[in-house]
Protein chains: 2
Amino acid sequence: MAELDELDQALLRELQRDARRTNRELAAATGVSPSTSLERVRSLRERGVIRGYRLDLDFAKIGRPVQALIALRVHPPKRQVIEAFREWVALLPETVGVFVVTGGEDFLVHVAVPDNDALYAFVIDRLTQRPEVADVRTSVVFEHIRPRVIAPAKRNA
Amino acid sequence: MAELDELDQALLRELQRDARRTNRELAAATGVSPSTSLERVRSLRERGVIRGYRLDLDFAKIGRPVQALIALRVHPPKRQVIEAFREWVALLPETVGVFVVTGGEDFLVHVAVPDNDALYAFVIDRLTQRPEVADVRTSVVFEHIRPRVIAPAKRNA
DNA sequence: GGTGAAACTCACCAGAT
DNA sequence: ATCTGGTGAGTTTCACC
């Protein structure tokens, strides 16, 4: 885990609200000079705390208003089978996220599609096509909330 | 759904790879002048296609290496109960995402915590504290893959 | 809609504390 | 480690196509 002082945390808070804020704005918001905030943000990126800067797209506005989470198991649940399925499903155009999990299922596949027909087709034509796929259970997603700011864990000092 | 021509789609592709690419880079990559790409990106944002620019944080590096998806039902499953729980759970510091779903469960809560103890405490101290929470089922997340680029649906022209 | 140039703002690198 | 100032890029506007 990376060391994060108050300034690092403040910069992360600001950038989570809007990842395109200028360095000068960041400096003003955190009360340091632009060169300091620039150096800190660069360090956060080099240390891998910041993995990148992503677009937040409205799936409905790009023609994919129907979202679902598809829980499934693969058979047999061996490493090779799991990894092959993971690579395959992550590259499908409908897929917007893949959780590899323990418990009742092996995968939760998050998809966004144009309509219910496309969802049904995805499940019965694409997924069920794969021989290793078993126990498919589809849940339609009504809403997906993502907190705007995620804080670092308190340190055990 | 928004109308997206080839240029809009190309700009969305570029921005999804790196939401902080400069306008000049976007213009060069898409073969238009900087003022054109600036105007297009602005339009995408005003139309709500682009909802914002987010940081991609490494949860492990901020002291929260353990992720889980907690499926649960609320009782009774009425609008008021569901909405109250949704608002409450979305604001917990452990929560990094909330899916409101149909099917076997009502919610899938995505959390990131420092260790297994914190996960266990979250489930039995926090969630179970709420009287409306029933049928809690926890899955540990080994891996969460998010495709770097998500394409708009093909239009039914 | 798209372009090109001008004015403004910013990122980035020094050098010093 | 942080700040102040300076220079080269980048952003943004606007008149024109």
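Any value given below was found using the heavy atoms of this structure, including those in side chains, with hydrogens, waters and symmetry copies removed. First the proteins, then the strands, lettered A, B, ... as listed; each starts at 1.
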Mind calculating the distance between [atom1] ([X]) and [atom2] ([N]) to the nearest angstrom?
{"X": "A:Leu26", "N": "C:dC10", "atom1": "CG", "atom2": "P", "result": "12 Å"}
{"X": "B:Glu39", "N": "C:dG4", "atom1": "CD", "atom2": "C1'", "result": "16 Å"}
{"X": "B:Arg40", "N": "C:dG2", "atom1": "CZ", "atom2": "C1'", "result": "9 Å"}
{"X": "A:Asn23", "N": "D:dA9", "atom1": "CG", "atom2": "P", "result": "18 Å"}
{"X": "B:Arg20", "N": "D:dT11", "atom1": "CZ", "atom2": "P", "result": "10 Å"}
{"X": "B:Leu38", "N": "C:dG2", "atom1": "CG", "atom2": "P", "result": "12 Å"}
{"X": "B:Leu44", "N": "C:dG1", "atom1": "CG", "atom2": "P", "result": "13 Å"}
{"X": "A:Arg45", "N": "C:dC12", "atom1": "CZ", "atom2": "C1'", "result": "15 Å"}

For this session: Nearest 0.5 Å please: distance from the CD1 atom of A:Ile150 over to the CZ atom of B:Phe59.
Result: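 Answer for the CD1-CZ pair, A:Ile150 versus B:Phe59, is 4.0 Å.
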Exercise. Toward the 5' end of DNA chain D, which comes first, A:Leu7 or A:Arg24, by nearest nucleotide?
Worked result: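 Final value for this comparison: A:Leu7.
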Exercise. Would you call A:Asp8 and A:Arg47 a salt bridge, taking side-chain N to carboxylate O under 4.0 Å as the test?
Worked result: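 Here A:Asp8 pairs with A:Arg47 in a salt bridge, since their nearest N and O are under 4.0 Å apart.
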For this session: Decide, yes or no, whether a salt bridge links B:Asp106 with B:Arg86 under the criterion of side-chain N to carboxylate O below 4.0 Å.
Result: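 The answer is no: the pair does not qualify as a salt bridge.
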For this session: Indicate, with a heavy-atom threshold strictly under 4.0 Å, whether A:Ser33 touches base, sugar-phosphate, or nothing.
Result: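 Base contact.
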Problem set entry | Sugar-phosphate only, base, or nothing, as touched by B:Arg21 at under 4.0 Å among non-hydrogen atoms |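 No contact.
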Exercise. Quick one: does B:Ser35 reach the base of C:dG4 with a side-chain donor-acceptor pair under 3.5 Å?
Worked result: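 Answer yes: a donor N or O sits under 3.5 Å from an acceptor.
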Problem set entry | Whichever of A:Glu25 and B:Asp5 has its nearest DNA chain C nucleotide further upstream toward 5' |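 That would be B:Asp5.
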Exercise. Do any side-chain nitrogens or oxygens of A:Arg42 fall under 4.0 Å of OP1 or OP2 in C:dC13?
Worked result: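 The answer is yes; a side-chain N or O of A:Arg42 sits under 4.0 Å from OP1 or OP2.
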Problem set entry | Over all atoms of both residues, closest heavy-atom pair of A:Arg126 and A:Pro93 |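 That would be NH2-CG, 4.3 Å.
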For this session: Check A:Leu69 against A:His110 and note the closest heavy-atom contact, atom names and distance.
Result: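 Shortest heavy-atom separation between A:Leu69 and A:His110 comes out as CD2-CB, 3.7 Å.
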